[in-house]
Amino acid sequence: MYPFDQCKKEITIELQKVLAKYHSNIEIRVEIPPNNMGDFAFPCFSLAPYAKKSPIDLAKDIASGISKNKLITKIDAKGGYVNFFIDNTYLTSVTLKSILEKKDTYGCLQKKKKKVIIEHTSANPNGPLHVGRARNPIIGDTLVRIFKAAGYDVESQFYLDDMGKQVAILAWGIHNLDGKQIPLSENKKADHQKVGFYQIANERMESDEKVTEAIGEIVKKLEQGDHNTIDMIHASYAPVLDGIKQSLSRINIHIDTYIPESAFINDKSVDRVINELKQTTYCHEQDAAFYLDMEPFGIHGRSTKFFFLRSDGTTLYATRDIAYHQWKAHHADLLINVLGEDHKLESKQVQVALELLHTKVLPQIVFYAFVSLPEGKMSTRRGRVVYLDELIDECIERAYEEVKKRRASELTESQMKKIAELVGIGCLRYNIIKIQPEKDILFTWEEALNFEGNAIPFIQYAHARACSILSKTKVKKYTYDSTLLTHNSEILLVKQLARFPLVIDDACIGCKPHIVANYLYETASVFNQFYRDCPVLSEENIILRSSRIALVNATKIVLHNALDLLGISAPEEM
RNA sequence: GGGCGUGUGGCCUAGCCUGGAUAAGGCACCGGCCUUCUAAGUCGGUAAUCGCGGGUUCGAAUCCCGCCACGUCCGCCA
């Protein structure tokens with residue numbers, strides 16, 4: 001158990017003893033008060049009626065009923081709150097011990113012995129990832145890291161559309177369009193080279209019904225299992241998918257498993273889904289096509305029909321998605337999907353179908369709002385996009401300029417290039433993850449390349465400062481005397497470091513990756529205050545000096561671990 | 001028309017789930033701090049009817065209802 005949990009538990013036990021006489025069944029919830037009012041607080045407002053006292057008097061009563069011990073040094077009643085002060089020496093001692101012992105695993109929670117599948121990205125392999133879609137892998141990958149730290153066995157999955165209309169359009173374009181008609185991309189990666197075929201094929205489809213038919217024919221053959229068509233489609237999208245993987249890899253994202261939609265056609269599980277859905281009382285037929293009526297499930301609007309089988313007998317994306325989710329439910333205890341907000345209805349339809357089919361595990365969905373451009377929503381089809389590769393390059397370029405401006409005389413070219421890479425990638429991931437998913441983002445280059453204030457260089461710089469101090473000491477083993485770390489900046493820093501495990505728990509429970517970003521920023525900020533107030537290397541008291549070194553090392557560990565949760569590197573110098 | 005989400009100083013964001021003690025940061029702007037561990041830092045200042053209107057409550061940015069604005073969806077697309 002981590003120090004903060006221990007304190008909280010201890011206080012709750014003490015409170016339980018004192019509160020027993022009021023016979024209320026109110027849950028004892030201890031909260032963290034605003035600055036300088038203690039470390040934990042118990043609000044007396046909801047208990048006051050049971051005690052037949054004013055909250056202010058009740059707080060005084062409770063405060064006088066609890067005795068101090070080695071952990072609680074002061075109990076204060078103030079305005080209806082009982083405020084608890086934790087012994088700083090004790091907290092410092094146990095916190096530093098915990099961090100220095102656990103190192104890379106500090107913050108990680110107890111193993112849960114539960115498997116979670118996190119599905120994210122799942123982009124159609126018809127072109128490069130763009131910045132709108134980039135929110136998906138970044139949120140997804142950060143959740144993967146958070147859930148791992150929270151003690152889950154995690155597998156990340158990319159649901160690969162190798163059956164639908166989108167890949168069929170791409171394949172048709174590649175086989176029927178003259179390469180000379182395709183606008184050239186400067187980027188040599190296959191995804192950038194092929195996307196033009198997709199775009200032009202889309203235009204042709206809109207103006208020419210024969211093209212629409214040809215593409216429909218491809219989709220139908222795919223579903224019938226025609227080997228030539230399957231091979232042709234695979235050959236068309238495989239290089240594009242490869243390009244997508246390369247882009248992901250540049251921003252430290254690796255996806256464990258790619259699950260093709262076709263798998264659920266081939267193993268007939270989609271057929272089973274169709275048969276079972278047909279048996280439900282909500283199923284209706286219309287011109288040989290089948291749908292579920294969604295009206296009874298609270299879905300209203302212009303159409304409440306959820307079609308799962310076309311009149312030509314082929315399935316739809318959502319139908320295959322149901323089969324996929326049933327399969328996932330068999331392989332995990334917890335399912336999480338990261339989806340764009342445009343998938344809300346489809347996701348609800350799938351959810352209803354899964355319930356009708358008595359699926360054991362239903363997915364928990366993290367929806368994110370779109371990243372749009374000042375001129376409107378990003379669209380691959382219309383070519384109105386900022387590609388992820390483009391943004392990665394710009395971020396690194398910008399970071400390089402900044403390093404050069406500051407360190408050109410001290411560092412070699414390759415050192416500067418290396419730092420620019422770490423800062424640039426971090427900048428990209430941080431600027432996206434620091435905003436809660438449901439908030440929409442208007443993409444501007446100025447914001448995306450933000451290096452000031454609440455941005456990654458601030459945090460990485462704090463880490464580099466810590467490393468710089470440590471590199472100038474010859475300490476092998478970190479010894480400390482926690483009674484000497486009494487400066488307010490030292491105490492605030494220790495408390496901040498002690499909070500880290502709670503942050504992981506919160507971020508995991510709420511699927512809220514942005515709170516890790518907030519925590520990192522605060523931690524870097526508190527460390528900078530310590531850096532200002534408490535000189536380390538020039539401290540003459542040898543024991544205080546080594547205690548501060550231990551604190552710096554602990555901070556370095558926490559910053560590193562928290563950055564790692566966001567998939568961002570912690571440079572040792574910058 | 002209906003569903004879902006968002007609305008917090010000039011701009012961007014946290015807090016909302018689980019109501020509580022002076023609404024917290026960043027950018028921009030103004031004024032300080034480098035003979036001391038990298039100033040990508042730090043200290044101070046100006047700046048908010050928490051979209052609008054009701055309600056619940058001792059107490060509402062937070063919960064409930066209505067309205068407005070923006071986003072998104074309501075395809076035998078994915």
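Quantities reported herein were computed from a predicted structural model and do not represent experimental measurements. Excluded from the calculations below are hydrogen atoms, water molecules and symmetry mates; all remaining heavy atoms, backbone and side chain alike, are included.
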Novice: Taking the six-membered ring of Phe84(A) as reference, does the NZ or CZ atom of Lys74(A) fall below 6.0 Å from its centre and within a 45° cone about the axis?
Specialist: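 Judged by the rule (NZ or CZ under 6.0 Å from the ring centre, within 45° of its axis), Lys74(A) is not positioned above Phe84(A).
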
Novice: On the ring face of Tyr531(A), is Arg465(A) found with NZ or CZ under 6.0 Å from the centre and within 45° of the axis?
Specialist: yes

Novice: Base, sugar-phosphate alone, or nothing: which one does Ala289(A) contact when heavy atoms must sit under 4.0 Å apart?
Specialist: base

Novice: Heavy atoms under 4.0 Å, any strand shown: does Phe290(A) hit a base, just sugar-phosphate, or nothing?
Specialist: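 Nothing, no heavy atom under 4.0 Å.
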
Novice: Arg465(A) has a side chain; which of G26(B), G41(B), G2(B) sits nearest to it?
Specialist: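 The answer is G41(B), which lies nearest to the side chain.
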
Novice: Quick one: is Lys439(A) getting a side-chain N or O under 4.0 Å of the A14(B) phosphate, OP1 or OP2?
Specialist: yes

Novice: Whole Å only: how far is the CG atom of Leu442(A) from the C1' atom of C12(B)?
Specialist: 11 Å

Novice: Should His325(A) and Ile322(A) count as side-chain neighbours, where that means a heavy-atom distance under 4.5 Å?
Specialist: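 Side-chain contact under 4.5 Å: no.
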
Novice: Please pick, from A28(B), A78(B), A21(B), the nucleotide with the shortest atom-to-atom distance to any side-chain atom of Lys165(A).
Specialist: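 Ranking A28(B), A78(B), A21(B) by closest atom to the Lys165(A) side chain puts A78(B) first.
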
Novice: Please report the shortest heavy-atom distance between Ser489(A) and Gln529(A), naming the atom on each side.
Specialist: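 It is OG-O, 3.9 Å.
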
Novice: Let's test your reading of the model: under 3.5 Å, does the base of A21(B) pair with the side chain of Asn83(A) as donor and acceptor?
Specialist: yes

Novice: Out of G41(B), A78(B), A14(B), which nucleotide sits closest to the side chain of Ile435(A)?
Specialist: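 Closest nucleotide among those given: A14(B).
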
Novice: For a quick check of understanding: with a heavy-atom distance under 4.0 Å over all strands, which category does Pro55(A) fall into, base, sugar-phosphate or nothing?
Specialist: nothing

Novice: Return the orientation label for the Tyr317(A) and His343(A) ring planes: parallel under 30°, perpendicular over 60°, tilted otherwise.
Specialist: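 Plane angle over 60°, so perpendicular.
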
Novice: Just wondering, do Ile469(A) and Asn553(A) contact through their side chains at under 4.5 Å, heavy atoms?
Specialist: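 A side-chain contact under 4.5 Å is absent here.
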
Novice: With a 3.5 Å cut-off and heavy atoms only, can you find an N or O donor on one side and an acceptor on the other between the side chain of Arg310(A) and the base of C76(B)?
Specialist: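 Under the 3.5 Å cut-off, the side chain and the base do not form any donor-acceptor pair.
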
Novice: Over all strands shown, is Glu410(A) touching base, sugar-phosphate only, or nothing at heavy-atom distances under 4.0 angstrom?
Specialist: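 Nothing, no nucleic acid heavy atom in range.
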
Novice: Mind calculating the distance between CD1 (Ile56(A)) and P (G59(B)) to the nearest angstrom?
Specialist: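 Spelled out: CD1 on Ile56(A) to P on G59(B) is 15 Å.
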
Novice: Tell me which of Arg532(A) and Gly453(A) sits closer to the 5' end of RNA chain B, going by the nucleotide each one is nearest to.
Specialist: Gly453(A)

Novice: Just checking Phe370(A): base, sugar-phosphate only, or nothing, at a heavy-atom cut-off of under 4.0 Å?
Specialist: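 Sugar-phosphate, no base atom in range.
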
Novice: Ala464(A) has a side chain; which of U38(B), G2(B), A21(B) sits nearest to it?
Specialist: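 It is U38(B).
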
Novice: Could you check whether Asp287(A) gets within reach of a base, just the sugar-phosphate, or nothing at all, counting any heavy atom under 4.0 Å?
Specialist: base

Novice: Base, sugar-phosphate, or nothing for Glu522(A), non-hydrogen atoms under 4.0 angstrom?
Specialist: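 No contact.
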
Novice: Taking U46(B) as the reference, what is the distance to G9(B) when you measure between their C1' atoms (whole Å, please)?
Specialist: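 So the two C1' atoms sit 11 Å from each other.
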
Novice: Could you tell me how far apart Asp312(A) (CG) and C76(B) (P) are, to the nearest whole angstrom?
Specialist: 13 Å

Novice: Indicate, with a heavy-atom threshold strictly under 4.0 Å, whether Val552(A) touches base, sugar-phosphate, or nothing.
Specialist: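 No contact.
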
Novice: Quick one: Lys512(A) NZ to G5(B) P, roughly how many Å, whole number?
Specialist: 13 Å

Novice: Taking the minimum atom-to-atom distance to the side chain of Val403(A), which one of A40(B), C37(B), A14(B) wins?
Specialist: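 Selected nucleotide: A40(B).
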
Novice: Rounded to whole Å, how long is the line connecting atom NE2 of His514(A) with atom C1' of U6(B)?
Specialist: 14 Å

Novice: Counting only side-chain N and O atoms of Lys377(A), is one of them less than 4.0 Å from OP1 or OP2 of C73(B)?
Specialist: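 Yes.
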
Novice: In this structure, how many angstroms lie between the C1' atom of C73(B) and the CZ atom of Phe307(A), rounded?
Specialist: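 The distance from CZ of Phe307(A) to C1' of C73(B) comes to 17 Å, rounded to the nearest Å.
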
Novice: Tell which nucleotide pairs with U36(B), taking only Watson-Crick or G-U wobble pairs whose two distances are both under 3.5 angstrom.
Specialist: none

Novice: Nearest whole angstrom, please: distance from the P of C76(B) to the NZ of Lys220(A).
Specialist: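 Lys220(A) atom NZ is separated from C76(B) atom P by 17 Å.
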
Novice: Would you please confirm or rule out a distance under 4.0 Å between OP1 or OP2 of G15(B) and any side-chain N or O of Gln436(A)?
Specialist: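 Yes, Gln436(A) has a side-chain N/O under 4.0 Å of OP1/OP2 on G15(B).
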
Novice: Measure from the side-chain heavy atoms of Asp342(A) and tell me the nearest of U72(B), G5(B), C74(B).
Specialist: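 Nearest nucleotide to the side chain: U72(B).
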
Novice: Could you tell me whether Leu316(A) contacts a base, only the sugar-phosphate backbone, or nothing, with contacts defined as non-hydrogen atoms closer than 4.0 Å?
Specialist: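 Sugar-phosphate contact only.
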
Novice: Tyr461(A) has a side chain; which of G41(B), A21(B), C77(B) sits nearest to it?
Specialist: G41(B)

Novice: Give one of base, sugar-phosphate or nothing for Glu346(A), where a contact means two heavy atoms less than 4.0 Å apart.
Specialist: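 Base, at least one base heavy atom under 4.0 Å.
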
Novice: With heavy atoms under 4.0 Å as the rule, sort Lys78(A) into base, sugar-phosphate or nothing.
Specialist: base

Novice: When the P atoms of C4(B) and C63(B) are compared, how many Å lie between them, rounded to an integer?
Specialist: 15 Å

Novice: What nucleotide, of A40(B), C77(B), C74(B), holds the atom closest to the side chain of Ser303(A)?
Specialist: C74(B)

Novice: Consider the side chain of Tyr531(A), meaning its heavy atoms from C-beta on, and name the nucleotide among C37(B), C77(B), A40(B) that approaches it most closely.
Specialist: C37(B)

Novice: For Glu341(A) and Asp533(A), find the nucleotide of RNA chain B closest to each by heavy atoms; which residue's nucleotide sits nearer the 5' end?
Specialist: Asp533(A)

Novice: Which part of the nucleic acid, if any, lies within reach of Cys534(A) when heavy atoms closer than 4.0 Å are counted: base, sugar-phosphate only, or nothing?
Specialist: base

Novice: Can you check whether Lys512(A) reaches Val366(A) side chain to side chain, under 4.5 Å on heavy atoms?
Specialist: no

Novice: Using purine N1 to pyrimidine N3 plus N6-O4 or O6-N4 for Watson-Crick, or N1-O2 and O6-N3 for G-U wobble, both under 3.5 Å, which nucleotide pairs with U6(B)?
Specialist: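 Base partner found: A69(B).
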
Novice: Regarding C76(B), can its base be found pairing with the side chain of Ser311(A) as donor and acceptor, where the two atoms are less than 3.5 Å apart?
Specialist: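 Such a pair exists between side chain and base.
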
Novice: What integer distance in Å separates Arg320(A):CZ from A78(B):P?
Specialist: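 Checked: the CZ to P distance equals 5 Å.
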
Novice: With the side chain counted from C-beta on, respond yes when Asp39(A) and Ile11(A) share a heavy-atom pair under 4.5 Å apart, and no when they do not.
Specialist: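 A side-chain contact is absent here, since even the closest heavy-atom pair is not under 4.5 Å.
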
Novice: Base, sugar-phosphate, or nothing: which does Pro535(A) touch, judged by heavy atoms less than 4.0 Å apart?
Specialist: base

Novice: Would you indicate which nucleotide in A14(B), C37(B), C4(B) comes nearest to any side-chain atom of Leu537(A)?
Specialist: C37(B)

Novice: Is the shortest side-chain heavy-atom distance between Tyr159(A) and Arg320(A) below 4.5 Å?
Specialist: yes

Novice: Mind checking who A23(B) pairs with, Watson-Crick or G-U wobble, both distances under 3.5 Å?
Specialist: none

Novice: Determine the contact category for His343(A): base if any of its heavy atoms lies under 4.0 Å from a base atom, sugar-phosphate if only primed atoms, P, OP1 or OP2 are that close, otherwise nothing.
Specialist: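 Base, at least one base atom sits under 4.0 Å.
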
